[in-house]
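Side chains included, hydrogens not; waters and symmetry mates left out as well; all remaining heavy atoms used. Quick caveat, the model's predicted, so the values are computed rather than measured. Every number for a ligand or one of its atoms is a count from 1 in the order of the listing.
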Amino acid sequence: MAIYRPDLLFIEMTKACDYTCLHCRASSIRFPSRFELNIKDINKIIDGIISGSRENKRYPQVIITGGDPLMSPVFRQTVELLHDNGINFSVSPAVTDKLNTEILSFLMDNEMSSMSISLDGQPEIHDEIRRMPGLFRETLFAMSTIKDFGIKLQVNSTVMKRNILDFPFILKILREYQIRTWEVFFLITTGRGKGEKPISSAESEDFLKYLIHVEASGTAIRTVEAPEYRRMKQMAMEGMDMTGGEVFQELIHRSEDLNISGLMRAAPFPVNGRKIKTGFISSTGDVSVSGLFNLRVGNVRDTPLDTIFNGNPILDTLDNNMNLKGKCRKCRYINLCGGSRARAYAETGDYLGEDSMCAYIPSLNEEIILA
Ligand code: SF4
């Protein structure tokens, strides 16, 4: 029985948000509910973080998220408690009038380490996904304000069928605003995202290759629910062809002026041996591996967080690649990738099954050394 130690711990302060985005995994609601995390719960969570980190003396990075976390009645107290206990935190707010200079000053005073803002495409696509005309313009304004405060800003974008070709446009904005980190979420059909179409495995292969080129040109890429990106990086290291099909060609074509060459074959990418581990606490205290992976492993209201993470049978099962099924179990990239467990779970109910987004087909005699 192992102790699960997340590198990143997401706290969903509330499901409340002014928007009803089409891809919202939280299925946001209009107002905070009285059942959501209160300050007693937050204190328990912080106690659990501290107890769980006693041995290795390293706290996870906490990401305060939602819904819109700024709508939680205990948002400020949470920030102060994290700060007072020396726990690094980031905030992932929605762009509304609550995201103003006063709150940014408060967050800076409490040494927030970074902030992330979502951007999902050209103005019409971004606003359509958020069902809020004019929000794209307000998002750019918010990004400028955040940058003016000297806050480290990252952009989050969700790739799905309707916006896959908009990514060069988003990249252009990242370059204009000198944003170095791009977190790309690959749609999981959960929450309101059930109504959206994910990209196909062939499109994903082209898109991952495009991201390889983007990263080679200087923008750091973090993928969410696409561990195949690590496989693709390894393939680039092995000198495999990093050019792709129609979607790839179109993305490269739309990236003219962005200093991206579609001809690069191998990129010198060291692929970290260890995958980033995440934990997620929902607005009602349920604990899971991520907000996109709705498999509850405990609840902080009845069990301390460090106890939930200690010898949890589901987390132990997930941690052991020997348990994976289908082609993932036969794949030589299993240790680097392992497939999205959230996607397998959302689509089939079997969290150890194959990742439907992966186009890789292991050959018959792949050499597999399980780590
Ligand atoms: S088969 Fe599974 S482990 Fe291999 S690259 Fe695809 S998703 Fe990853």
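- Protein heavy atom in closest approach to atom 5 (S) of ligand 1: Arg231 NE, 3.4 Å.
- Taking the charged nitrogens against the carboxylate oxygens, Arg25 and Glu225 have no contact shorter than 4.0 Å, which rules out a salt bridge.
- Using a cut-off of 4.0 Å between Lys/Arg side-chain N and Asp/Glu carboxylate O, Arg332 and Glu238 are scored as salt-bridged.
- Within ligand 1, the atoms closer than 4.0 Å to a non-hydrogen atom of Glu228 are 7 (S), numbered from 1 in the order shown.
- The protein atom (non-hydrogen) at minimum distance from atom 3 (S) of ligand 1 is Gly338 N, 3.4 Å.
- The environment of CZ in Arg296 is crowded: more than 12 heavy-atom neighbours from other residues, nucleotides or ligands sit within 6.0 Å.
- The nearest heavy-atom contact from the protein to atom 4 (Fe) of ligand 1 is Cys331 SG, 2.4 Å.
- Both cation-pi conditions hold for Arg76 and Phe106: the charged atom is under 6.0 angstrom from the six-membered ring centre and inside a 45 degree cone around its axis.
- One of the N, O or S atoms belonging to Cys337 lies under 2.8 Å away from atom 8 (Fe) of ligand 1.
- Note on ring orientation: taking the six-membered ring where Trp is involved, the planes of Phe207 and Phe167 are perpendicular (angle over 60°, cut-offs 30° and 60°).
- In Cys328, the parts holding a heavy atom less than 4.0 Å from any atom of ligand 1 are both the side chain and the backbone.
- Between the side chain of Lys15 and the backbone N or O of Arg30, no donor-acceptor pair lies under 3.5 Å.
- Looking only at heavy atoms of the protein, atom 6 (Fe) of ligand 1 is closest to Cys358 SG, 2.3 Å.
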